[in-house]
Student: 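Sharing a structure with you now.
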Amino acid sequence: MKHEVLVLGAGMVGVGCALHLQAQGKSVALVDRRAPGLETSYGNAGIIQREAIAPYALPRDLRFLLSGAANRRVDVRYHARDAARMLGPLRAYHRNSAPAAYRQIAQEYETLIALSLETHAQLMDDADANHLVAGQGYLMLYRSERELHSFFEVADERALDGVNHIKMSGADVAREEPSLVGSFAGAVRWTDPLAISSPGDLVQAYARLFEERGGAVHLGDATSLRPTDSGGWQVDTALGPTLEAAQVVVALGPWTTQLTARFGYTAPVIPKRGYHMHYARLPERPLHSTIIDAENGYVIAPMKDGLRLTTGAELANVDSPRTPTQINAAEKIARQNFPLGERVDPEPWMGIRPCMPDMKPVFGAVPGVPGMWCAFGHGHQGFTLGPITGELLAAMMTGATPRVDARPFSPGRFR
């Protein structure tokens, strides 16, 4: 079965690439081992983060580094053996988090985030998916006055770049979210982002739109990818037919470089694993907004399946055993303040964020491999940046001029 482009990976990034290539007139087949939106795109906090104009830097203060080394933090944990193997990329991450390097990185990163709401809004309209928007904005909650006022300064800096917010006192928080227990210094309400009631459902809605427009979605094994004698690519599907195309886009998130390495391209991915659990709502104590406990690094989000608690980052290899330590620690703290009922899921869900040492995603032509393109490395923002990544990659693949400079995100920077 022949197409012009194969897209491997049906998360938000892969579906975004498939839709935009289709919009450029290409015949596209979308291939994944599972149905669209069931890997990392399924389990995130469900926020389209227009405010996230600066990527997550590695804190450089000694207090964080010492507490992180002890492996007792709630927001960041690690598997010792796995983290030791990541020392090279982690050192580069530390260097890139220094003020001068980070400023340049953030300027480049912002060019993508600035278009995130616009590109999602168009797809949501086209996919008839606006019912999945649970609300606008979310709270960044602080417990200490010192941390709160430091973050007020950050919010004011982002306001200069067109990011809107409201500063809230502890009394403001209590009025807006009366079901919270305890006293808080205050919060920043980011007013631009969109909260989604089911991230996986949004990816699936976009995938249905792709199919309605004539695209083909297949279950298949990306590792079966191989070159054809004519210079194209082919991949096997679960139901038998082999798909063939002149070009392939590898958008497999943290598994991308495992595949591209077979053809000579790799890059230093830092896997940041995250967990989530759903809890029953307490009708007498409703939660109105998604809330990030800034000092403990977890999120509580009202979603279709209950209140979802998502954790920060666990540094561990893709295939290392799951460890419930981080989500158990976050739940213990969250239960002191949030209206969490009983656990709904039989076990914690886990996903893997593919992060790069320079905190920027990777998309473009794979160096030295004709006809192969890639889109991965979005870290914490793959859900937010999938559509704009797809638009820019489709422009490059069809010879059009991307509307922002895509050179800072080139795969060649890791060659």
Side-chain angles (χ1 to χ4, degrees), residues 12 16 37 41-54 109-110 112-142 148 151-152 154-169 171-180 184 186-206 209 276 278 281 285-294 298-310 338-339 378 380-388:
M12 183 61 85
S41 293
Y42 169 80
N44 55 67
I47 313 171
I48 300 172
Q49 289 192 250
R50 170 62 182 90
E51 90 297 342
I53 61 175
Y109 191 84
E110 183 185 358
L112 303 181
I113 289 288
L115 298 171
S116 58
L117 285 180
E118 171 191 330
T119 47
H120 268 284
Q122 183 62 59
L123 290 182
M124 280 192 276
D125 285 344
D126 293 347
D128 194 21
N130 286 296
H131 64 283
L132 294 172
V133 177
Q136 187 152 8
Y138 73 90
L139 295 183
M140 198 81 171
L141 186 66
Y142 282 87
L148 173 67
F151 197 68
F152 280 172
V154 172
D156 286 338
E157 290 173 4
R158 294 190 186 181
L160 299 175
D161 294 305
V163 177
N164 298 303
H165 71 279
I166 298 170
K167 297 183 180 70
M168 301 174 65
S169 67
D172 295 330
V173 171
R175 281 191 294 271
E176 186 161 320
E177 293 290 354
S179 294
L180 293 180
F184 300 92
V188 167
R189 169 171 278 284
W190 298 112
T191 58
D192 296 316
L194 295 179
I196 304 300
S197 63
S198 176
D201 284 356
L202 185 61
V203 178
Q204 290 163 24
Y206 290 173
L209 175 65
H276 86 218
H278 289 104
R281 290 185 174 87
R285 294 178 59 199
L287 192 70
H288 301 106
S289 294
T290 295
I291 300 177
I292 297 181
D293 183 341
Y298 64 83
V299 182
I300 302 289
M303 292 212 176
K304 179 183 76 172
D305 297 324
L307 296 181
R308 178 181 289 185
L309 184 156
T310 67
F338 290 87
H378 293 74
H380 297 256
Q381 300 300 345
F383 186 70
T384 294
L385 294 175
I388 182 56

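Model, not experiment: these values are computed from the prediction.
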Student: How many angstroms lie between atom CD1 of I166 and atom CG of L139, to the nearest 0.5 angstrom?
Tutor: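 So the CD1 of I166 and the CG of L139 are separated by 9.5 Å.
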Student: State which residues pass ring pair (Phe, Tyr, Trp, His ring centres under 6.0 Å) with F151; sequence neighbours excluded, sorted by chain then number.
Tutor: Y142, W190
Student: Not counting sequence neighbours, which residues clear side chain to side chain contact (heavy atoms under 4.5 Å, CB included) with P178? List them please.
Tutor: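 Testing P178 for side chain to side chain contact (heavy atoms under 4.5 Å, CB included), a comparison that skips the adjacent residues, returns H288.
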Student: Working to the nearest 0.5 Å, report the span between CD of Q204 and OG of S41.
Tutor: 10.5 Å
Student: Within the 4.5 Å heavy-atom criterion, are P302 and L307 side-chain neighbours or not?
Tutor: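 In short, these two side chains touch, coming nearer than 4.5 Å.
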Student: Please name the pair of heavy atoms, one in K167 and one in D156, separated by the smallest distance, quoted to 0.1 Å.
Tutor: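 Looks like NZ-OD1, 2.5 Å.
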Student: Between I300 and D293, is there a side-chain heavy-atom distance shorter than 4.5 Å?
Tutor: no
Student: Checking the side chain of H278 only, and the main-chain atoms of G306 only, is there a donor and an acceptor separated by less than 3.5 Å?
Tutor: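 Flag not set: sc H278 to bb G306 has no pair under 3.5 Å.
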Student: Among all residues two or more places apart in sequence or in another chain, which pass the side chain to side chain contact (heavy atoms under 4.5 Å, CB included) test with A174?
Tutor: none
Student: Can you list, pair by pair, the side-chain donor-acceptor contacts under 3.5 Å of residues 113-120, counting residues two or more places apart and other chains?
Tutor:
from	atom 1	to	atom 2	distance (Å)
S116	OG	I113	O	2.7
E118	OE2	R403	NH1	2.7
E118	OE2	R403	NH2	3.0
T119	OG1	L115	O	2.7
T119	OG1	S116	O	3.1
H120	ND1	Y206	OH	3.0
H120	NE2	F383	O	2.9
H120	NE2	T384	O	3.3

Student: So how far is it from F184 CZ to L141 CG, rounded to the nearest 0.5 Å?
Tutor: 5.0 Å
Student: Measure across R50 and G162 and return the closest heavy-atom pair with its distance rounded to 0.1 Å.
Tutor: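 Taking R50 first and G162 second, the nearest heavy atoms are NH2-O, 4.3 Å.
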Student: Which residues pass the side chain to side chain contact (heavy atoms under 4.5 Å, CB included) test with I292, not counting sequence neighbours?
Tutor: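 Expected list: Y138, M140, V299.
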Student: Find the distance between CE (M12) and CG (L123) and round it off to the nearest 0.5 Å.
Tutor: 8.5 Å
Student: Start with the C-alpha gap between H165 and E51, add the side-chain angles, then the distance that decides, and say whether side chain to side chain contact (heavy atoms under 4.5 Å, CB included) holds.
Tutor: CA-CA 9 Å; H165 71 279; E51 90 297 342; over 6 Å; no
Student: Looking at D161 and R158, is there a salt bridge between them, counting it only when a charged N and a carboxylate O are closer than 4.0 Å?
Tutor: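 No, no charged N to carboxylate O under 4.0 Å.
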Student: Is the shortest heavy-atom distance from the side chain of P286 to the side chain of S179 under 4.5 Å?
Tutor: yes
Student: CG/N130 to CE/M124 distance, rounded to the nearest 0.5 angstrom?
Tutor: 6.0 Å
Student: Taking all non-hydrogen atoms of both residues, which atom of A45 and which atom of M303 are closest, and how far apart?
Tutor: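 Scanning both residues completely, I find the closest heavy atoms to be O-CE, 3.2 Å.
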Student: Where is the tightest heavy-atom contact between Q136 and R189, given as atom of each residue plus distance?
Tutor: O-NH1, 3.6 Å
Student: For the pair F338 and L180, evaluate side chain to side chain contact (heavy atoms under 4.5 Å, CB included) and give the outcome as yes or no after the intermediate values.
Tutor: CA-CA 5 Å; F338 290 87; L180 293 180; 3.5 Å; yes
Student: Tell me the closest heavy-atom pair linking R308 and N44, and the distance in Å.
Tutor: NH1-O, 2.7 Å
Student: Testing the basics here: between L202 and A129, what is the closest heavy-atom pair and its distance to 0.1 Å?
Tutor: CD1-CB, 3.9 Å
Student: By ring pair (Phe, Tyr, Trp, His ring centres under 6.0 Å), which residues pair with Y109, not counting sequence neighbours?
Tutor: none
Student: When rounded to the nearest 0.5 angstrom, what is the spacing between CD1 in I196 and CG in L132?
Tutor: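 The CD1 atom of I196 sits 6.5 Å away from the CG atom of L132.
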